[in-house]
Structures are given as C-alpha cells and as structure tokens.
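Reckoned from all heavy atoms, side chains included, excluding hydrogens, waters and symmetry mates. Within every chain, numbering begins at 1; the chains are lettered A, B, ... in the order of the sequence lines, protein sequences first and strands thereafter. Everything quoted here is computed from the prediction, not taken from an experiment.
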There are 2 protein chains.
Amino acid sequence: MSSRREISLAERKRQLVADELTEAALQLLALKGFDAVTVDEIVGAAGVSKRTFFRYFASKEDVVVQFLADMGTGMCAELAARPAGERPSEALRHAVWVPLGECADHSERALRVVRLILGTPALLARFLERQAQWRDDLAAELARREGLDDATELYPRLAAGMALNAFDAVLHRWSGSEGEEDPAGLTDGAFAVIAPALDAGVPRG
Amino acid sequence: MSSRREISLAERKRQLVADELTEAALQLLALKGFDAVTVDEIVGAAGVSKRTFFRYFASKEDVVVQFLADMGTGMCAELAARPAGERPSEALRHAVWVPLGECADHSERALRVVRLILGTPALLARFLERQAQWRDDLAAELARREGLDDATELYPRLAAGMALNAFDAVLHRWSGSEGEEDPAGLTDGAFAVIAPALDAGVPRG
DNA sequence: TAGCGCATTGACACTTGGTGTCATGCAAGG
DNA sequence: CCTTGCATGACACCAAGTGTCAATGCGCTA
C-alpha cells in the first residue's frame, strides 16, 4: 500500500519535467523575445521531445501564462474566504492583493515574466483570455456573497471587471517602473478610485 | 490628371476583394465554427489565392475582428467630441454607445459576429487585445479632457477600463439573450453602476 | 499606339505551431 | 517473472503564416 508515495513520485517526476521546461522557456524567451524562439529550441534546451512539450502545455504561449495560472484561483479563493459582512471594495482589494503580493515577493522573476507578457501581443491576448475566466469566477463568487443573480444583475460582472482593471493597472505601472513603484501603494490607490462604484453599485451594500 | 479617380478606382478594387473575403469568411465561420474552417476553404469560396488573403488580413482571426475595427476609433472620436464640461460618466457613456448603437442597428449581422467572437477563445483573445489598445487611447483622451497625467494618475486608465467593462457586459448580455434585451437599457444600467467611480474618482470632477 | 513603370496577384516552397499514432521503455504490482 | 499501465520519443501530418518571383493588368508618357 504505497499508493500515496507512488502518486507523489509520479507527480514529482511530472513536476520536474514541467519545471525544466518552464525554466528553459522563460530563460530563452526573456532573452531573445517570444517570436524569435521556436519550440524546438526550448525542448532542445530542456532535453525532451517536442511532443512532450505539448503534453505539458497547450501552446507556446501557455508555458508563460501557465506560470501565472494560480493567480486566478488564488484570487477567487481569497474572495470566498473574506468575511461575509465585508464591503465589496475591501474583499476584492484583499483578493486582488494575493497574486500581487506574490509578484512583489518574487520581484526579479515575476517582473521578467510580467514585462514579457505585457510586451508581447500574443502573450497579452492569452493573458487577457485567462482574465476573462477569472472575471467570470469572481463575478459568480461576488453574486453569491451579495445574494444577487449573476444572470440578471450587471453589478457582479462589472465589479469583478473593475477589480481586474485595478489588477492590470497595478501590474502595468509596476512593470513600467522596473519594479520601483510599490505594488501595495498602487493597489490602494487603484481601489480608492473604483471603491465608490464597488460599494455604492450593489443594492443595499 | 485623373489622379483622384484612379486612386478611388484602385481603392474600390481593394475594398471589393476585402468585402468578398469577409463575406465568405463570416458565412463559413458562423456556419461551421472557427476551427473547422481553413483559410484554404475561405479563399476557395472567395476565389482568390491564400497569399492574397494574408495580404488583406494579418491572421485568420483578423478577418472577423477587423469587422469591428472601427469601433475603437469611433469611441475615441466620440469621446473627443463630447463637450468639455461634461462629466466623465456621461462622456464615456456616449462614447461607448457609438459602437453599441451600430450593433443594435445591424442586429442580425452584428449578433452573428459577436456571438462568434464571444464563443471562440481564439477570437475572444484577439478581441480583448484590440480592446487593450482602445483602452489606452480612451485613457489618453480622458487624461487630456480632465487635465491629468496619464503616466502618474491611475484614474484615466481605470476609467477607460470601466467603460470598456460596461461595453463588454452589454455585449455579453445582448448576445446571450439572442438580441432580446435592449442595448440602450443595458448600457444605461451598466453606467449607473460605474458612474459613482467615474465621477467621484477624478480629482475635482 | 507602343512602350514603360507600378501595384496586385498567384504559384510555390518553406518555416513553425500543433496533433494523431504507434512503438518502446520503465516502474509498480500480482 | 510476467503484465499492466503510463510517460516518452519518433514520425507523419495538417494548418497558419511568410518570402520570393514571375506574370498580369493598368495608368502614364512619348
């Protein structure tokens, strides 16, 4: 009965390959630019076959965007964990801060990836596509929190969108300033702007 | 000296080919789905070579998204044309209504395209990429209107983002209801939600 | 009218992203 | 020891997109 160990062994192996791939990819992409690097180069550097690459990542963009995949789930989880009585602006600010805090902590690595994404149209497109999913999840959670119907009320979707707007704005300014500006301060500033709508827009906030 | 006529003749020829291509593409894509239609099919239906297709459109996605290209310029133009003293929420609402009104007018055609875009990840990604550009333009114009510095203030970018959020929400609900819901009413509803932030967020609005 | 330039097109080869398929290898488990 | 299953690699293949060049068509001019 070594079931738990076996699973973790196989999982660790998978994780190892995935890490090797992301490592090689991020290295090359940040160095030469997204379009100038082929998948064959990446797999060559990582020592696996092209087919294996696409078993781990759905696309060449995915290897970069996947790096930020947890952000969405982290945000939603945090929003769901916030106290029920909290105002939307507060709950969303804390939710959005989860991934931003991660970025602030691992600034060297995160900055490289963020700059790569924001500066590459194809990557930006995929990133925004992901965010659209996050927005739906956030909206659903927000609707639950506030007791609204996501299908008839515009507020949940708009509020989630505003929060992600703040997220994007902070990311943009942070990467644009080479990491000089303080993410926490930027986040507070952004939410100060959108808070009036977040807290007034919901019926009986 | 028939310079004016010649130019317009060549332009008309180009426009003719472009129209033929978009027509054939939209027909096929709406019918069989984005991934199930190859560029070769489209050019076969339009009677041109594959190479010519890519001389008119940068990508397969582009032939659909291009169809909505004017939206961005229309919005910015309208925003720039709004009276200087108008509150941001009003100016932006009018700006956003320009493309939405177009959709409402040509509902059969617009609805098909919008549903195709919102239902196809690859198209959605390209659409959002375009919107990111619109947001930058709107933010710049908004900063000019309000006398703010787009580089240091968060408000312009956030306000532009909120307006586009409203735009997206309206489009989503409109296409989701098969064109049943009234775009004008939805727009008003969306801006009622975000107006508090639009008008309060700007210093001395 | 004949000839000269200029732009558009088609044909074709080529690169690259991405997928289906199959055979091999390897590790767990009876 | 055998087998069962999973991850990988090798290979062929399709579709998107690009570079190149020859041909075609059209206006302009001598």
Side-chain angles (χ1 to χ4, degrees), chain A residues 1-22 24-26 28-29 32-66 116 120-126 129, chain B residues 1-22 24-25 28-29 32-66 120-126 129:
Chain A
M1 211 81 54
S2 51
S3 56
R4 195 170 298 131
R5 287 187 154 276
E6 292 162 35
I7 290 179
S8 107
L9 189 70
E11 295 259 330
R12 249 178 299 176
K13 218 175 161 183
R14 267 192 80 82
Q15 196 59 43
L16 202 79
V17 179
D19 288 351
E20 188 73 21
L21 244 5
T22 40
L26 258 48
L28 287 170
L29 294 176
K32 304 174 53 180
F34 184 78
D35 298 320
V37 178
T38 69
V39 175
D40 293 274
E41 285 184 76
I42 296 172
V43 300
V48 299
S49 74
K50 187 177 72 170
R51 198 65 186 81
T52 293
F53 178 93
F54 286 106
R55 274 191 260 260
Y56 281 81
F57 305 101
S59 68
K60 186 178 156 192
E61 291 93 22
D62 213 41
V63 72
V64 182
V65 175
Q66 185 83 320
L116 183 63
T120 308
L123 288 174
L124 181 62
R126 296 283 181 155
E129 194 186 341
Chain B
M1 216 72 54
S2 50
S3 56
R4 193 170 299 131
R5 288 187 154 275
E6 292 163 34
I7 290 179
S8 107
L9 189 69
E11 295 261 331
R12 248 179 298 177
K13 219 176 162 183
R14 268 193 79 82
Q15 196 58 44
L16 202 77
V17 179
D19 288 351
E20 187 72 22
L21 244 5
T22 39
L28 286 171
L29 294 177
K32 303 175 55 180
F34 184 78
D35 298 318
V37 178
T38 70
V39 175
D40 293 273
E41 285 184 77
I42 296 172
V43 300
V48 298
S49 75
K50 188 178 69 170
R51 198 65 187 82
T52 293
F53 177 93
F54 287 107
R55 274 192 261 262
Y56 282 81
F57 304 100
S59 67
K60 188 178 154 192
E61 291 92 26
D62 213 42
V63 71
V64 182
V65 176
Q66 185 84 320
T120 307
L123 289 174
L124 181 61
R126 298 283 181 154
E129 194 187 341

With the side chain of B/Phe54 defined as its heavy atoms from C-beta on, choose the nearest nucleotide among D/dA7, C/dT21, D/dT18.
D/dT18

Take atom NZ of A/Lys13 and atom P of C/dC26, then tell me their distance rounded to the nearest Å.
9 Å

From CD of A/Glu20 across to C1' of D/dA7 the rounded distance in Å is 16 Å

Evaluate the side-chain proximity of B/Lys50 to B/Asp40: yes if any heavy-atom separation is below 4.5 Å, no if none is.
yes

Does any N or O donor sit under 3.5 Å from an N or O acceptor when you compare the side chain of B/Arg55 with the base of D/dG17?
no

Classify A/Val43 by what it touches in the nucleic acid, base, sugar-phosphate, or nothing, heavy-atom distance under 4.0 Å.
nothing

Point-to-point distance, once rounded to the nearest 0.5 Å, from CZ of A/Phe53 to NZ of A/Lys60
8.5 Å

Check the distance between C/dT8's P and B/Gln15's CD and give it to me in whole angstrom.
13 Å

Minimum-distance nucleotide (side-chain atoms of B/Thr38 versus D/dG19, D/dA15, C/dG18):
D/dA15

Indicate yes or no: at least one non-hydrogen side-chain atom of A/Thr52 is less than 4.5 angstrom from one of A/Val43.
no

Could you check how far NZ of B/Lys60 sits from P of D/dT18, rounded to whole Å?
15 Å

How many whole angstroms separate atom CZ of B/Phe53 from atom C1' of C/dA11?
18 Å

Rounded to whole angstrom units, what separation is found between the CG atom of A/Leu28 and the C1' atom of C/dT16?
16 Å

Between A/Lys50 and B/Asp40, which residue's closest nucleotide on DNA chain D lies nearer the 5′ terminus?
A/Lys50

B/Glu41 versus B/Thr38: any side-chain heavy-atom pair under 4.5 Å?
yes

Check every strand shown and say whether A/Tyr56 touches a base, only sugar-phosphate, or nothing at a heavy-atom separation below 4.0 Å.
sugar-phosphate

Give, for atom CD of A/Glu61 and atom CG of A/Leu124, the distance between the pair rounded to the nearest 0.5 Å.
11.5 Å

Counting only side-chain N and O atoms of A/Thr52, is one of them less than 4.0 Å from OP1 or OP2 of D/dG9?
yes

Take atom CZ of A/Phe57 and atom C1' of D/dA7, then tell me their distance rounded to the nearest Å.
15 Å

What is the distance, rounded to the nearest whole Å, between atom CZ of A/Arg51 and atom C1' of C/dG20?
7 Å

